Protein chains: 2
Amino acid sequence: MARPRKEQELDIARRAVDETIRLLAERGGFDVPLTAVAQAVGCTAPALYGHFRNKNALLRAVREEGFGRLYNEKFAVFEQMRGDPLGYLRDGSYAYARFALDNPTLYRLMLSPPQTLGASDDPWSSKAGRQILCLLLTGLRLCQERGYLPGADLRRYGFMFWSTIHGAVNLNLQNRRLDLAAMWDSTQSVIDSLMEMIAATGPTELPNNS
Amino acid sequence: MARPRKEQELDIARRAVDETIRLLAERGGFDVPLTAVAQAVGCTAPALYGHFRNKNALLRAVREEGFGRLYNEKFAVFEQMRGDPLGYLRDGSYAYARFALDNPTLYRLMLSPPQTLGASDDPWSSKAGRQILCLLLTGLRLCQERGYLPGADLRRYGFMFWSTIHGAVNLNLQNRRLDLAAMWDSTQSVIDSLMEMIAATGPTELPNNS
DNA sequence: GCCTCAAACTTAATATCATTCAGTTCTTGG
DNA sequence: CCAAGAACTGAATGATATTAAGTTTGAGGC
């Protein structure tokens with residue numbers, strides 16, 4: 001038995017990516033054997049080489065898929081929040097953090113990939129990665145148009161904003177003593193603090209009872 | 001030839017850690033073969049098993065050594081800066097960022113280790129890791145005693161502070177298109193922004209020309 | 001000084017993967 | 001129906017971690 005019958009043709013490339021994401025979550029590390037992926041897909045390891053140059057190429061595709069999924073979630077929030085830029089920044093950040101905490105290993109592959117993956121391993125080199133950054137910058141720009149963050153350099157501010165949330169998520173994911181709920185509380189509190197800082201730069205200061 | 005002569009006795013454990021750190025920097029990834037470490041030390045791979053349960057144990061020791069070195073650098077700054085808590089926060093953060101950018105792979109091993117390393121892989125579970133966090137909290141407390149950050153929850157604020165710097169360093173290290181100088185500029189600007197925010201909460205507001 | 005034993009290595013063996021090679025069987029265009 | 005290429009499979013190769021078995025050295029008792 002060598003070449004499969006046409007009826008049992010399966011889209012190995014897509015399934016390999018999906019199954020790898022599942023196995024990453026299941027095993028909690030990047031060291032997923034190709035044989036395990038192949039078995040999950042329903043083929044043998046060498047068959048994967050017809051669709052990916054090597055294991056790194058598969059992991060790069062997985063990473064790209066991860067960015068794509070994250071972008072979709074953030075974009076859905078963006079659409080829901082039309083007309084409320086501050087609300088988008090908050091809920092978009094929540095969505096980002098929730099994605100990271102729900103898919104810890106995939107998130108680590110996306111933002112802290114092993115150097116061996118290949119040349120293009122910064123988030124900006126991925127199309128969806130750029131789009132995600134772009135969503136954040138758009139959110140900040142809309143806030144600025146409403147009078148928040150007057151005079152701020154958005155590129156610089158956006159980097160800092162992302163750094164803080166990514167750093168918080170990353171540190172939380174590292175802490176084995178925390179369960180998911182505790183990580184979420186901690187991360188949410190960081191995001192809320194950021195939002196308060198932005199809100200405080202706004203034009204219509206509500207009476208604050210400090 | 002089996003057991004070495006006494007005169008050629010070498011402290012394999014210490015040398016293995018040092019050489020591994022060197023090889024991590026040289027190769028730019030965690031995938032340093034034990035045989036390479038052994039060769040650098042001047043013994044064979046199985047000899048390392050007399051000093052470390054396995055490769056993960058060696059990497060854990062390397063990680064601990066990394067935290068130790070980072071703590072030493074931060075502590076030196078702390079001593080130099082007695083009486084200037086704001087200055088310590090700034091220069092301590094510079095030292096932290098410089099360490100990370102100068103030792104990218106070691107820093108990644110310290111703060112984004114593979115899950116397979118073992119149970120205790122959050123920075124707080126390492127003694128030196130805790131000490132580093134402690135230094136930061138002390139710096140913040142001293143600032144608060146001088147009137148900065150009034151009423152702030154330092155534990156929460158410290159986490160956010162660390163998150164931002166760690167996130168900035170981490171994102172910069174990921175970006176292959178940046179050289180060391182560019183990463184440093186970007187990170188320094190993040191630290192400076194943080195310091196401005198803290199300074200702005202201070203008691204003696206200088207005349208600001210906004 | 002000699003003997004025994006444990007320490008501290010060594011070399012050889014095993015297991016797990018990634019990757020490549022050499023078939024094998026479909027499918028498709030003629 | 002045939003030839004050629006597509007798409008796999010199973011076996012082979014090579015790198016590595018880890019374990020097993022064997023060897024030499026240093027130390028303590030006599």
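In this text the structure is predicted, and so the values were computed from the model without any measurement. Lettering follows sequence order; numbering is per chain, from 1.
For A:Thr44 and D:dC8, the shortest distance from a side-chain N or O to OP1 or OP2 is not below 4.0 Å. Side-chain N/O atoms of B:His51 include one lying less than 4.0 angstrom from OP1 or OP2 on C:dC9.
Relative to the side chain of B:Ala47, the nucleotides C:dC9, D:dA17, C:dA18 differ in distance, and C:dC9 lies closest. Picking from D:dA17, C:dT10, C:dT19 the nucleotide with the shortest atom distance to the side chain of B:Cys43 gives C:dT10. Side-chain proximity of A:Pro46 to the nucleotides C:dT10, D:dT18, D:dT9 is greatest for D:dT9.
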message = If you apply the rule ring-ring contact (aromatic ring centres under 6.0 Å, His included), what do you find for A:Tyr107 with A:His166, and how did you get there?
response = CA-CA 10 Å; A:Tyr107 182 77; A:His166 166 58; 5.8 Å; yes
key: B:Arg60 and B:Glu64: CA distance, side-chain angles, deciding distance, salt bridge (charged side-chain N to carboxylate O under 4.0 Å, His left out) verdict   = CA-CA 6 Å; B:Arg60 278 197 297 271; B:Glu64 191 67 33; over 6 Å; no
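The nearest whole Å value for the distance from the CG atom in A:Leu117 to the P atom in C:dA18 is 14 Å. When rounded to the nearest whole Å, the span between CG of B:Leu23 and P of D:dT16 equals 12 Å. Following rounding to the nearest Å, B:Asp11 (CG) and C:dA8 (C1') show an atom-to-atom distance of 14 Å. Distance, B:Arg27 CZ to D:dA15 C1': 11 Å, rounded to whole Å. A straight line from NZ of A:Lys55 to C1' of D:dA15 spans 14 Å, rounded to a whole angstrom. One interatomic measurement links the two molecules: CG of B:Leu48 to P of C:dA8, which rounds to 14 Å at whole-angstrom precision. Computed from coordinates, the B:Arg53 CZ to D:dT19 P distance equals 10 Å when rounded to whole Å. Computed from coordinates, the A:Tyr49 OH to C:dT20 P distance equals 6 Å when rounded to whole Å.
Scanning for side chain to side chain donor-acceptor pair (under 3.5 Å) contacts around A:Thr20 gives an empty result, with sequence neighbours left out.
Nucleic acid contact class of A:Val32 (heavy atoms, under 4.0 Å, all strands): sugar-phosphate only. Within 4.0 Å of A:Asn54, counting heavy atoms only, lie sugar-phosphate atoms of the nucleic acid but no base atom.
The backbone N or O of A:Leu149 lies less than 3.5 Å from a partner atom in the side chain of A:Gln144, making a donor-acceptor pair.
Note: A:Phe67 and A:Phe99 fail the aromatic proximity criterion, with ring centroids not under 6.0 Å apart.
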